[in-house]
Number of protein chains: 2
Amino acid sequence: MKRVRLVDVAEVAGVSTKTVSNVVHDYPHVAPELRLRVQAAIDKLGYRPNLTARRLVTGRTGMIALAIPEIDHPYFSELSRQIAEEAARRNYRVIIEQTLGKLDAEHAVLEDREAGLVDGIIFHPVSIGALSIAKLHHDTPLVLLGEGAMPATSDHVMIDNVAAAAEAVHFLLRQGRRRIAFLGVVEDDVTFSTDKRLLGYQQGLIEAGLDPDPALVLSVKDFSPEASGEAVRAALERGVSIDGIVCRDDKFAAGALRACAAAGISVPDGIAVLGWDDTAIGKYTTPSLTSVAPDKSALASTALELLTERIDGFRGVGRHRIVPHGLTIRQSTPSVSSGLAVPQGKPAVPSA
Amino acid sequence: MKRVRLVDVAEVAGVSTKTVSNVVHDYPHVAPELRLRVQAAIDKLGYRPNLTARRLVTGRTGMIALAIPEIDHPYFSELSRQIAEEAARRNYRVIIEQTLGKLDAEHAVLEDREAGLVDGIIFHPVSIGALSIAKLHHDTPLVLLGEGAMPATSDHVMIDNVAAAAEAVHFLLRQGRRRIAFLGVVEDDVTFSTDKRLLGYQQGLIEAGLDPDPALVLSVKDFSPEASGEAVRAALERGVSIDGIVCRDDKFAAGALRACAAAGISVPDGIAVLGWDDTAIGKYTTPSLTSVAPDKSALASTALELLTERIDGFRGVGRHRIVPHGLTIRQSTPSVSSGLAVPQGKPAVPSA
DNA sequence: GCCTCAAGATACAGCGCTGTAAACTCGTAT
DNA sequence: ATACGAGTTTACAGCGCTGTATCTTGAGGC
């Protein structure tokens, strides 16, 4: 069965193809009677426009690429959902490109690999540097996500990692914690997320008049929860005194919870643990996880706003947007009736 | 900056557009010297073929749609990853369509909404019935996933849910458990997954000469872990004796773990808990979760195999494929040195 | 030296649609 | 009665590419 085309409809309705096209697009200046006749023909034949053909002539594909390291990492799958929904709201389809953080895959994202396929790209880079991005990026509208490389030429959306980390520290300090560790610095880590969060952690301590203790910055072998748990175990074994841990992500926090349990230390009574990204992981750990919560919905809508502006012809220099973050409070930090959970007037994201 | 087209390259190289096209496609009968000249022009101009135009003429889009209920549900994000990778291997791109299990969204998936956009659809239906699928499905190649509606006319890939549930029961029985509950039947559930798993659960008990006790089939209000936990709590409060729980999914199992902990019951010593889908959730719960493990990789490759066969012209009736499953054994069931974990000679999927 | 034939290169149509500009149809103003 | 213009409808080109048919060329056979 061959696909029904515009001409087929036109023939049945006895009009020109353009009139059918006009009806399809709800062009206002079509006589009501004709519109009805054409619509009847469309329904009768079950006509559906061929989007590829439309795209060729309009130059718009109605699709955007979302390039992320891993589809099935909770943070990215949750973010993908927000982006997919926001995109759907704006009549865009999303095609997902998984880079696995590999350099060549990240290069491919920019090298017009999707030539003529997508109207724009939302890209969370990991390995690639700012210079390479600037150099490889052609003219497909691009919005960058995350704390990675950010050339001044491209649009960028992120949360204020430094402030968020400092707030997390303040949150624990307000509950009387004084020996707050940072988990963790990853060996051979090429990302900037950890740097920023570590910086904010130190800044938070200094703001409170405390002296950051290098022994409290825990180093982790790789990005697995096993490695982070091991780092906590080792620190405790070394006799490092700890009563709170700010983690660079929820996976690390999950590892920390395991290590504490194994060491017979109660969370949050003995050690308070604070995760990062507010992923679903935090709902399933025991105890459940308090976590820095990037406003993923704002992230998604801001990214799409910037991207669609570019698609619609905006040609200015790179814009950098900070979206809000909060703190989702669960059981891994002590509950307090006194102090507010979220400093600086930002609303806490409700726990799920 | 205008995009470089085939004609631009042809002009620079001093050849016809078709010759450039032939070079791009590695058509063998091109003189080496010419090939070099054309390639030089391509490189010099930075030419990238316009895929939309190519698609219009070839009729192939090189894209498939993956329609799933929720991108950020661990099972689906993990499955998506497998499918995306398998698709990439076969030079297809994946565009993800989120239905949220809603009927109208599921209808839209089939109604050639992607008309001319994708070469085929991989669809995990939830709400839509077999009849509607058969009726709405046009001629875009389609492969169905999951235990939902399955019209005989469409290809279908799934695991043997009944057998897997029976095996899960046998696994617990072999460890001496006798009061094994099923968690849970969801009120107003329109999916078939639960039915099959419940059936297998009962079958497993009967095969072992046990009489299924209706009191052990726990009913749950909705699909949240909170609701499943509540169901377990209520059962324990009613005084139902339980020493093992087979859950319809990992989320329910997570809820069950919480309820046991709250009731002061040790897992796995007091109650063994067995999840379903082997999602990442099971890595983060305490204790970690033993779970029925569909071979997601096989699921993905089988689905793509069937789909590409259809795309390549296969026109036969619907094929139904069963892919293997295993059991990922973690801490929520007792470790046994004696009995094999996985009955019927199927290999256990290694724990992550 | 001429014919044949295969390899190499090209011209051209057309995939299905939309934008542009031109054409046509009236009711109203002149 | 004629011109005008707002409102409708249409003809046609062309988006960038590839498939088909066709043409050109040069090597090899007689």
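Residue numbers begin at 1 in each chain, while the letters A, B, ... track the order of the sequences.
Going from atom CZ of B:Arg37 over to atom C1' of C:dA9 covers 11 Å, rounded to whole Å. Whole-Å rounding puts the B:Glu33 CD to D:dG26 P distance at 13 Å. In this structure, CG of B:Asn50 is placed 15 Å from C1' of C:dG16, rounded to the nearest angstrom. Rounded to an integer number of Å, the gap from B:Arg55 CZ to D:dC17 P is 13 Å. The interatomic distance linking B:Arg5 (CZ) with D:dG14 (C1') rounds to 11 Å, in whole Å. Atom CG in B:Leu36 sits roughly 15 Å away from atom P in C:dG8 (whole-Å rounding). C:dG19 atom C1' lies 14 Å from atom CZ of A:Arg54, rounded to whole Å. One can place OH of B:Tyr27 at 17 Å from C1' of D:dC17, the figure rounded to the nearest angstrom.
In this structure, A:Ile83 and A:Leu145 have side chains that are in contact, with non-hydrogen atoms separated by less than 4.5 Å. For the pair A:Glu106/A:Val126, a side-chain contact is recorded, criterion being any heavy-atom separation below 4.5 Å from C-beta on. By the 4.5 Å heavy-atom criterion applied to side chains, B:Pro49 and B:Leu6 are not counted as neighbours. B:Thr61 has its side chain out of reach of B:Leu117: every pair of non-hydrogen atoms, C-beta onward, lies at least 4.5 Å apart.
Contacts of A:Tyr47 with the nucleic acid, taken as non-hydrogen atoms under 4.0 Å apart, involve only primed sugar atoms and P, OP1 or OP2.
In this structure, of C:dA9, D:dC17, C:dC17, it is C:dC17 that holds the atom nearest to the side chain of A:Leu6. Of the listed nucleotides (D:dT9, C:dA7, C:dC17), C:dA7 has the atom at the smallest distance from the side chain of B:His29.
Where A:Thr58 and B:Ala53 meet DNA chain C, the nucleotide closest to each residue was compared, and B:Ala53 sits on the side nearer the 5' end. Both B:Pro32 and B:Leu56 sit near DNA chain C, but only B:Pro32 has its closest nucleotide nearer the 5' end.
A heavy atom lying under 4.0 Å from DNA chain D marks the following residues of residues 13-23 of chain B, by number: B:Lys18, B:Ser21.
For the residue pair A:Thr19/A:Ser16, the side-chain donor-acceptor check at 3.5 Å is satisfied. If you check the side chains of A:Gln98 and B:Glu85, you find a donor sitting under 3.5 Å from an acceptor.
Relative orientation of the A:Tyr75 and A:His124 rings is perpendicular, given thresholds of 30° and 60° on the angle between their planes.
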